[in-house]
Amino acid sequence: MIAFLIEVVRRDLLLAVRRPADAGTVLIFFVVVASLFPLAGNPDPVVLGNIAPGVLWVSALLACLLSLPRIFSGDYADGSLEQMVIAPQPLSVLVLGKIVVHWLISALPLVLLAPVLGLQYGLQGEPLFVLVLSLLLGTPTLSLIGAIGAALTLGSRGGGVLVSVLVLPLYIPVLIFGAGAVVASQAGLEVQAYVMLLVACFLLSLVVAPWATSIALRIALE
Amino acid sequence: MSAINWFKYAAPQTFYPLAGRLIPWLYVIATLLALAGIYISFVIAPTDFQQGEAYRIIFVHVPAAWMSMVIYLAMAFWAAIGLVFNTRLSSMMAQALAPTGALFTLLALVTGSLWGRPTWGTWWVWDARLTSELILLFLYIGFIALRASIDSPQRADRATAVLAIVGAVNVPIIYFSVRWWNTLHQGASINMSSAPKMAVTMLTGMLIMALASWVYSIAVTFVRVRCIILERERHAGWVRQLEEVKS
């Protein structure tokens, strides 16, 4: 089963590497959205420091959301998804592999770029580190929950907007804990509780999401 | 064998006339309860010594907030039953409950903000309960939007069922995360759970209004289920035999 998982990840990574612009667009979206807030509001360093955790987290969340339909759309369009669903290997493992690739391609670059944006917002030292840590622990949950939404809206009308409506309310706990960790560290408080809650969200969604997504895929393809 | 009697009404064909017979009675009960509740809330219940007459909106607000949560759970329950046992009527119930639930959620939000104006001085506070109620409204809208985007009713039943179950798992997590966020940010705001003990008549009025909302919700859900049954089973023989369809 592990070999199967690795094979799925290898295949999807290869597909993604052959089309590097897709991942690049998500990254650029993240940067553009995050740079809009100082332009729309007040570029005062104190104000920026106050809004930084929320703005950076929401930008990352939206960028992640934007790339969700891509988890399944390619395989759905050329019909290979149907073959995968009837394959003897467990569908939830396949789904998990696709989620891993989505995280590697769409979310991990955001995490790696976040310190640069954090510096633009005047974050330094521990809050900056906590921002990266919270994104690192929170974005896998976003990919996992998002996959359910992507599978549910597969082949339905109004895909992209609908995914946002379905998935964004479910993202709220991750957003609260993730941005909360940065706020707490800015205030000099202990962030351990937030980190543990983020991990708890991740583990819970790791159990539920691949299973729910595979059910949703079967429904979409029946 | 009483069990068989219960399952008998799980078929749309038998449920349709049963619901039709129950609906007038449910409307009568709901109206009587609402009249009694309104009488108690406006005439018998005393004026609150802190909030004056403004508090009387709780007789609508609290039942609406209760209903919004109960209906979401009922909806997720019927959707799950429909997904697991593939029973047609269960999914129709889930579909019929959604608009009523969304309506009560909206009502709770609107009355909450109307109440907030005289007592807190603002139309909206990022209070934990108001915020989670708002998120609940988003969940309802997502459920309805997903159904609207899928043409095949059977596929829509099962897709929305998965969403409702995931949402029901998430509701407690959302509630507690919002509450935690709220206590961290807001400090000592007005805490309603520590409000002075409620007069017995106020509580009675609220409970009767809640009962009225329950009966009303069941009645309108039945009306909606009957419409859905007619729409989905329009090719079935028994639907064509109905008086209201023939004429």
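Chain letters run A, B, ... following the sequence lines, proteins first, then strands; residues in each count from 1. Note that these values count all heavy atoms, side chains included, but never hydrogens, waters or copies made by symmetry. Every value quoted in this text rests on a predicted model; they were computed, and no experiment measured them.
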Contact winner vs chain B - A/Val165, A/Leu152, A/Ile145, A/Ile148, heavy-atom pairs under 4.5 Å: A/Leu152
For A/Leu56 against A/Ala34, the heavy-atom pair lying closest together: CD2-CB, 4.1 Å
Atom group of A/Leu154 that falls short of 4.5 Å from chain B, counting heavy atoms: backbone
Heavy-atom contact with chain B under 4.5 Å, split by part of A/Leu175: neither
Which portion of A/Ile176 sits near chain B, non-hydrogen atoms under 4.5 angstrom: side chain
Residue B/Arg147 excluded, over 12 heavy atoms near CZ under 6.0 Å: yes
A/Phe29, CZ: over 12 other non-hydrogen atoms inside 6.0 angstrom: yes
Closest-packed option against chain A by number of heavy-atom pairs under 4.5 Å, given B/Asp151, B/Thr160, B/Leu136: B/Asp151
Side chain, backbone, both or neither of A/Ile219 within contact of chain B (heavy atoms, under 4.5 Å): both
Interchain contact, B/Ala148 with chain A, by part (heavy-atom threshold 4.5 Å): backbone
Student check: side-chain heavy atoms of A/Thr141 and A/Tyr171 closer than 4.5 Å: no
Heavy-atom pair with the smallest gap, counting every atom of A/Pro53 and A/Gln186: CG-OE1, 3.5 Å
A/Leu168 portion near chain B, given a 4.5 angstrom heavy-atom threshold: neither
Minimal non-hydrogen separation, B/Tyr140 against B/Ser68, with atom names: OH-O, 2.6 Å
Max heavy-atom pair count under 4.5 Å with chain A, selected residue of B/Ile165, B/Leu83, B/Ile135: B/Ile135
Minimum side-chain heavy-atom gap A/Leu217-A/Met84 below 4.5 Å: no
